[in-house]
Amino acid sequence: MANSNTPDTGTNTARQGVFFALGAYMIWGLAPIYFKTLAHVPALEVLAHRIMWAFLFMLVLILASGRMQQVVRAFDSPKLLLQLALAACLIGLNWFLFIWAVANDHILDASLGYYINPLLNVAIGMLFFGERLRRLQVIAVLLAVIGVAIQIITFGSVPWIALVLAGSFATYGAIRKKLPFDSLTGLWLEVILLLPFILVYFFIFANSSASNMLENTWQLNGLLVLAGVITTVPLLFFTGAAKRIRYSTLGLFQYIAPSMMFILAVLIYNEPLSADKLITFIIIWSALAIYTVDAVRTHQQVRKAAKAIRASE
(Lines give C-alpha, C1' and ligand atoms only; values in the text may rest on other atoms or scores of the structure.)
Protein backbone atom coordinates (compact mmCIF):
# COMPACT_ATOMS: atom_id res chain seq x y z
CA MET A 1 0.00 0.00 0.00
CA ALA A 2 1.31 3.44 -0.91
CA ASN A 3 2.41 5.75 1.88
CA SER A 4 0.17 8.80 2.46
CA ASN A 5 3.11 11.05 1.63
CA THR A 6 3.95 9.50 -1.75
CA PRO A 7 4.06 11.68 -4.88
CA ASP A 8 1.01 9.84 -6.26
CA THR A 9 -1.03 10.80 -3.20
CA GLY A 10 0.08 14.42 -3.52
CA THR A 11 -0.84 14.44 -7.22
CA ASN A 12 -4.28 12.98 -6.51
CA THR A 13 -4.89 15.54 -3.76
CA ALA A 14 -3.89 18.39 -6.08
CA ARG A 15 -6.12 16.98 -8.83
CA GLN A 16 -9.05 16.87 -6.41
CA GLY A 17 -8.30 20.48 -5.45
CA VAL A 18 -8.39 21.54 -9.10
CA PHE A 19 -11.78 19.83 -9.62
CA PHE A 20 -13.16 21.49 -6.48
CA ALA A 21 -11.89 24.91 -7.64
CA LEU A 22 -13.40 24.42 -11.10
CA GLY A 23 -16.69 23.37 -9.52
CA ALA A 24 -16.83 26.43 -7.25
CA TYR A 25 -16.02 29.02 -9.88
CA MET A 26 -18.16 27.41 -12.58
CA ILE A 27 -21.20 27.43 -10.28
CA TRP A 28 -20.54 31.08 -9.46
CA GLY A 29 -20.07 31.79 -13.18
CA LEU A 30 -23.36 30.10 -14.12
CA ALA A 31 -25.29 31.65 -11.21
CA PRO A 32 -26.73 34.42 -13.46
CA ILE A 33 -28.72 31.75 -15.35
CA TYR A 34 -30.35 30.68 -12.09
CA PHE A 35 -31.11 34.19 -10.88
CA LYS A 36 -32.34 35.20 -14.35
CA THR A 37 -35.07 32.55 -14.11
CA LEU A 38 -36.23 34.29 -10.91
CA ALA A 39 -36.14 37.80 -12.41
CA HIS A 40 -39.92 38.12 -11.97
CA VAL A 41 -39.49 37.77 -8.20
CA PRO A 42 -38.36 40.95 -6.38
CA ALA A 43 -34.63 40.87 -5.62
CA LEU A 44 -35.21 41.34 -1.89
CA GLU A 45 -37.51 38.32 -1.83
CA VAL A 46 -34.94 36.21 -3.65
CA LEU A 47 -32.38 37.37 -1.10
CA ALA A 48 -34.77 36.36 1.69
CA HIS A 49 -35.07 32.86 0.25
CA ARG A 50 -31.31 32.71 -0.20
CA ILE A 51 -30.76 33.47 3.48
CA MET A 52 -33.61 31.32 4.87
CA TRP A 53 -32.78 28.18 2.93
CA ALA A 54 -29.04 28.65 3.34
CA PHE A 55 -29.65 28.81 7.09
CA LEU A 56 -31.45 25.43 7.08
CA PHE A 57 -29.05 23.79 4.65
CA MET A 58 -25.98 24.90 6.59
CA LEU A 59 -27.58 23.96 9.91
CA VAL A 60 -27.53 20.34 8.75
CA LEU A 61 -23.88 20.67 7.71
CA ILE A 62 -22.91 22.39 10.99
CA LEU A 63 -24.51 19.61 13.05
CA ALA A 64 -23.04 16.87 10.85
CA SER A 65 -19.52 18.32 11.11
CA GLY A 66 -19.65 19.02 14.85
CA ARG A 67 -19.08 22.76 14.55
CA MET A 68 -21.95 23.90 16.76
CA GLN A 69 -19.63 24.58 19.71
CA GLN A 70 -17.73 27.15 17.62
CA VAL A 71 -21.02 28.87 16.82
CA VAL A 72 -22.02 29.01 20.49
CA ARG A 73 -18.63 30.42 21.53
CA ALA A 74 -18.98 33.29 19.03
CA PHE A 75 -21.96 34.67 20.98
CA ASP A 76 -19.78 35.03 24.09
CA SER A 77 -17.72 37.75 22.41
CA PRO A 78 -19.48 41.09 21.66
CA LYS A 79 -16.43 42.27 19.69
CA LEU A 80 -16.56 39.22 17.42
CA LEU A 81 -20.30 39.63 16.98
CA LEU A 82 -19.87 43.26 15.94
CA GLN A 83 -17.28 42.30 13.32
CA LEU A 84 -19.49 39.44 12.14
CA ALA A 85 -22.46 41.82 11.90
CA LEU A 86 -20.46 44.16 9.67
CA ALA A 87 -19.34 41.23 7.52
CA ALA A 88 -22.97 40.02 7.34
CA CYS A 89 -24.18 43.44 6.15
CA LEU A 90 -21.50 43.53 3.45
CA ILE A 91 -22.19 40.03 2.12
CA GLY A 92 -25.94 40.70 2.28
CA LEU A 93 -25.46 43.87 0.23
CA ASN A 94 -23.28 41.97 -2.23
CA TRP A 95 -25.84 39.18 -2.65
CA PHE A 96 -28.74 41.62 -3.06
CA LEU A 97 -26.96 43.80 -5.61
CA PHE A 98 -25.85 40.78 -7.65
CA ILE A 99 -29.41 39.39 -7.72
CA TRP A 100 -30.77 42.82 -8.70
CA ALA A 101 -28.08 43.34 -11.36
CA VAL A 102 -28.80 40.01 -13.03
CA ALA A 103 -32.57 40.60 -13.01
CA ASN A 104 -32.14 44.09 -14.48
CA ASP A 105 -29.72 43.24 -17.31
CA HIS A 106 -26.50 44.38 -15.65
CA ILE A 107 -24.57 41.10 -15.80
CA LEU A 108 -21.70 42.88 -17.60
CA ASP A 109 -21.38 45.27 -14.66
CA ALA A 110 -21.34 42.32 -12.25
CA SER A 111 -18.66 40.66 -14.37
CA LEU A 112 -16.54 43.81 -14.28
CA GLY A 113 -16.93 43.97 -10.50
CA TYR A 114 -15.57 40.47 -10.00
CA TYR A 115 -12.71 41.17 -12.41
CA ILE A 116 -11.79 44.21 -10.30
CA ASN A 117 -12.08 42.30 -7.02
CA PRO A 118 -8.63 40.58 -6.96
CA LEU A 119 -6.91 43.88 -7.73
CA LEU A 120 -8.86 45.56 -4.95
CA ASN A 121 -7.80 42.74 -2.61
CA VAL A 122 -4.17 43.60 -3.36
CA ALA A 123 -4.79 47.28 -2.56
CA ILE A 124 -6.56 46.41 0.71
CA GLY A 125 -3.68 44.13 1.67
CA MET A 126 -1.31 47.06 1.29
CA LEU A 127 -3.50 49.63 3.08
CA PHE A 128 -4.80 47.58 6.00
CA PHE A 129 -2.51 44.57 6.44
CA GLY A 130 0.85 46.20 5.79
CA GLU A 131 1.57 43.96 2.81
CA ARG A 132 4.27 45.23 0.46
CA LEU A 133 3.31 45.30 -3.19
CA ARG A 134 5.68 44.06 -5.85
CA ARG A 135 6.29 46.33 -8.83
CA LEU A 136 4.00 44.47 -11.21
CA GLN A 137 1.24 44.45 -8.58
CA VAL A 138 1.51 48.23 -8.28
CA ILE A 139 1.26 48.57 -12.08
CA ALA A 140 -1.79 46.27 -12.16
CA VAL A 141 -3.62 48.23 -9.44
CA LEU A 142 -2.80 51.58 -11.10
CA LEU A 143 -4.09 50.28 -14.44
CA ALA A 144 -7.37 49.29 -12.79
CA VAL A 145 -7.71 52.78 -11.29
CA ILE A 146 -6.96 54.33 -14.69
CA GLY A 147 -9.56 52.11 -16.38
CA VAL A 148 -12.31 53.19 -13.99
CA ALA A 149 -11.18 56.85 -14.15
CA ILE A 150 -11.33 56.86 -17.96
CA GLN A 151 -14.89 55.58 -17.90
CA ILE A 152 -15.90 58.26 -15.38
CA ILE A 153 -14.02 61.23 -16.89
CA THR A 154 -14.22 60.52 -20.62
CA PHE A 155 -17.64 58.94 -20.84
CA GLY A 156 -19.24 60.42 -17.72
CA SER A 157 -20.56 57.05 -16.54
CA VAL A 158 -19.76 55.67 -13.09
CA PRO A 159 -19.60 51.84 -12.98
CA TRP A 160 -21.26 51.92 -9.56
CA ILE A 161 -22.60 48.35 -9.68
CA ALA A 162 -19.12 46.96 -10.42
CA LEU A 163 -17.50 49.18 -7.79
CA VAL A 164 -20.03 48.32 -5.05
CA LEU A 165 -19.85 44.59 -5.83
CA ALA A 166 -16.04 44.62 -5.82
CA GLY A 167 -15.78 46.91 -2.80
CA SER A 168 -18.31 45.06 -0.65
CA PHE A 169 -16.82 41.63 -1.39
CA ALA A 170 -13.20 42.74 -0.96
CA THR A 171 -13.98 44.48 2.35
CA TYR A 172 -15.98 41.45 3.46
CA GLY A 173 -12.98 39.24 2.70
CA ALA A 174 -10.65 41.52 4.64
CA ILE A 175 -12.90 41.36 7.72
CA ARG A 176 -13.33 37.58 7.45
CA LYS A 177 -9.56 37.17 7.17
CA LYS A 178 -9.21 38.46 10.74
CA LEU A 179 -12.01 36.36 12.24
CA PRO A 180 -11.24 32.95 13.82
CA PHE A 181 -13.83 30.92 11.90
CA ASP A 182 -13.70 28.50 9.00
CA SER A 183 -15.75 29.37 5.91
CA LEU A 184 -18.84 27.30 6.76
CA THR A 185 -19.07 28.36 10.42
CA GLY A 186 -18.44 32.02 9.64
CA LEU A 187 -20.99 32.10 6.83
CA TRP A 188 -23.64 30.42 8.96
CA LEU A 189 -23.07 32.93 11.75
CA GLU A 190 -23.51 35.77 9.25
CA VAL A 191 -26.71 34.20 7.96
CA ILE A 192 -27.97 33.88 11.57
CA LEU A 193 -27.39 37.60 12.12
CA LEU A 194 -29.25 38.51 8.91
CA LEU A 195 -32.09 36.03 9.45
CA PRO A 196 -34.29 38.02 11.94
CA PHE A 197 -34.43 41.06 9.63
CA ILE A 198 -35.16 38.89 6.61
CA LEU A 199 -37.94 37.01 8.41
CA VAL A 200 -39.60 40.29 9.42
CA TYR A 201 -39.45 41.49 5.82
CA PHE A 202 -40.64 38.21 4.32
CA PHE A 203 -43.59 37.52 6.61
CA ILE A 204 -44.78 41.12 7.12
CA PHE A 205 -43.79 43.27 4.14
CA ALA A 206 -43.26 40.94 1.14
CA ASN A 207 -46.37 41.04 -1.06
CA SER A 208 -45.40 39.88 -4.54
CA SER A 209 -47.17 37.15 -6.47
CA ALA A 210 -44.47 34.71 -5.31
CA SER A 211 -44.36 35.63 -1.61
CA ASN A 212 -46.98 33.03 -0.59
CA MET A 213 -45.28 29.70 -1.20
CA LEU A 214 -48.55 27.82 -0.66
CA GLU A 215 -49.88 29.40 -3.85
CA ASN A 216 -46.74 28.94 -5.95
CA THR A 217 -46.11 26.14 -8.40
CA TRP A 218 -43.81 23.39 -7.16
CA GLN A 219 -41.31 24.38 -9.85
CA LEU A 220 -41.09 27.95 -8.54
CA ASN A 221 -40.83 26.78 -4.93
CA GLY A 222 -38.12 24.35 -5.97
CA LEU A 223 -36.15 27.19 -7.56
CA LEU A 224 -36.56 29.35 -4.45
CA VAL A 225 -35.37 26.57 -2.14
CA LEU A 226 -32.42 25.98 -4.46
CA ALA A 227 -31.14 29.44 -3.48
CA GLY A 228 -29.74 27.89 -0.30
CA VAL A 229 -27.82 25.30 -2.30
CA ILE A 230 -26.50 27.92 -4.75
CA THR A 231 -25.21 29.86 -1.74
CA THR A 232 -23.56 26.99 0.13
CA VAL A 233 -22.27 24.36 -2.33
CA PRO A 234 -19.73 26.53 -4.22
CA LEU A 235 -18.40 27.76 -0.87
CA LEU A 236 -17.83 24.15 0.25
CA PHE A 237 -16.11 23.40 -3.06
CA PHE A 238 -13.94 26.50 -2.61
CA THR A 239 -13.00 25.43 0.93
CA GLY A 240 -12.19 21.93 -0.30
CA ALA A 241 -9.96 23.38 -3.03
CA ALA A 242 -8.17 25.69 -0.59
CA LYS A 243 -7.24 22.69 1.57
CA ARG A 244 -5.78 20.75 -1.34
CA ILE A 245 -3.91 23.26 -3.51
CA ARG A 246 -1.83 26.39 -2.86
CA TYR A 247 -3.86 29.53 -2.32
CA SER A 248 -1.78 31.30 -4.97
CA THR A 249 -2.73 28.56 -7.43
CA LEU A 250 -6.37 28.80 -6.39
CA GLY A 251 -6.27 32.52 -7.15
CA LEU A 252 -5.63 31.79 -10.82
CA PHE A 253 -9.07 30.15 -11.06
CA GLN A 254 -10.88 33.29 -9.91
CA TYR A 255 -11.19 34.68 -13.46
CA ILE A 256 -13.41 31.77 -14.51
CA ALA A 257 -16.59 33.16 -12.91
CA PRO A 258 -16.47 36.73 -14.29
CA SER A 259 -15.40 35.39 -17.71
CA MET A 260 -18.43 33.10 -17.81
CA MET A 261 -20.64 36.01 -16.72
CA PHE A 262 -19.18 38.16 -19.51
CA ILE A 263 -19.92 35.47 -22.11
CA LEU A 264 -23.47 34.96 -20.79
CA ALA A 265 -24.14 38.71 -20.83
CA VAL A 266 -22.91 39.29 -24.37
CA LEU A 267 -23.80 36.06 -26.19
CA ILE A 268 -26.86 34.75 -24.34
CA TYR A 269 -28.62 37.77 -22.84
CA ASN A 270 -27.53 40.30 -25.50
CA GLU A 271 -26.49 43.04 -23.12
CA PRO A 272 -24.98 45.97 -25.08
CA LEU A 273 -21.20 46.20 -24.82
CA SER A 274 -20.87 49.98 -25.10
CA ALA A 275 -17.58 51.74 -25.87
CA ASP A 276 -17.02 52.91 -22.30
CA LYS A 277 -17.52 49.42 -20.88
CA LEU A 278 -15.35 47.81 -23.56
CA ILE A 279 -12.43 50.19 -22.92
CA THR A 280 -12.72 49.63 -19.17
CA PHE A 281 -12.82 45.86 -19.66
CA ILE A 282 -9.72 45.92 -21.90
CA ILE A 283 -7.75 47.95 -19.36
CA ILE A 284 -8.87 45.70 -16.47
CA TRP A 285 -7.99 42.59 -18.49
CA SER A 286 -4.53 44.07 -19.14
CA ALA A 287 -4.13 44.74 -15.40
CA LEU A 288 -5.18 41.17 -14.60
CA ALA A 289 -2.71 39.80 -17.17
CA ILE A 290 0.10 41.68 -15.42
CA TYR A 291 -1.19 40.54 -12.02
CA THR A 292 -1.29 36.91 -13.20
CA VAL A 293 2.23 37.02 -14.65
CA ASP A 294 3.49 38.35 -11.33
CA ALA A 295 1.59 35.66 -9.38
CA VAL A 296 2.94 32.84 -11.57
CA ARG A 297 6.50 34.20 -11.42
CA THR A 298 6.35 34.54 -7.62
CA HIS A 299 4.87 31.04 -7.29
CA GLN A 300 7.73 29.59 -9.35
CA GLN A 301 10.34 31.45 -7.28
CA VAL A 302 8.85 30.13 -4.04
CA ARG A 303 8.88 26.57 -5.38
CA LYS A 304 12.50 26.87 -6.47
CA ALA A 305 13.49 28.25 -3.08
CA ALA A 306 11.67 25.43 -1.31
CA LYS A 307 13.40 22.82 -3.49
CA ALA A 308 16.79 24.41 -2.78
CA ILE A 309 16.13 24.29 0.96
CA ARG A 310 15.09 20.63 0.81
CA ALA A 311 18.14 19.77 -1.30
CA SER A 312 20.50 21.36 1.24
CA GLU A 313 19.04 19.48 4.20
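Quick note: numbers below take in every heavy atom, side chains included, and nothing from hydrogens, waters or symmetry partners.
Side-chain N or O atoms of Tyr114 include none that pairs as donor or acceptor with a backbone N or O of Leu165 at under 3.5 Å. Although no hydrogens or angles enter the test, the distance criterion places a donor-acceptor pair under 3.5 Å between the side chain of Ser111 and the main chain of Pro258.
Sequence neighbours left out, the pairs with a member in residues 254-263 that pass side chain to side chain donor-acceptor pair (under 3.5 Å) are Tyr115-Ser259, Tyr255-Thr292. For the ring-ring contact (aromatic ring centres under 6.0 Å, His included) condition, the pairs that include at least one residue of residues 256-280, sequence neighbours left out, are Phe262-Phe281, Phe262-Trp285. Listed by first and then second residue, the side chain to side chain donor-acceptor pair (under 3.5 Å) pairs that reach into residues 194-208 are Glu45-Ser208, sequence neighbours excluded.
A continuous path of Ile, Leu, Val, Met, Phe, Trp and Tyr side chains, each step under 4.5 Å between heavy atoms, connects Leu267 with Leu30, placing both in one hydrophobic cluster.
Under 4.0 Å is where a charged nitrogen must lie from a carboxylate oxygen, and between Lys277 and Asp109 at least one such pair does.
Counting heavy atoms from C-beta on, the side chains of Ile91 and Phe169 come closer than 4.5 Å.
Residue Arg134 places its CZ atom among more than 12 non-hydrogen atoms of other residues, nucleotides or ligands, all under 6.0 Å distant. Within 6.0 Å of the CH2 atom in Trp28, the count of heavy atoms belonging to other residues, nucleotides or ligands exceeds 12.
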Kindly determine whether Leu59 and Met68 satisfy side chain to side chain contact (heavy atoms under 4.5 Å, CB included), including the steps that lead there. CA-CA 9 Å; Leu59 172 60; Met68 188 58 74; 3.9 Å; yes

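Aromatic pair Phe98/Trp95: centroids not less than 6.0 angstrom apart.
Here the CZ-CG distance, from Arg67 to Leu184, works out to 5.0 Å after rounding to the nearest 0.5 Å.
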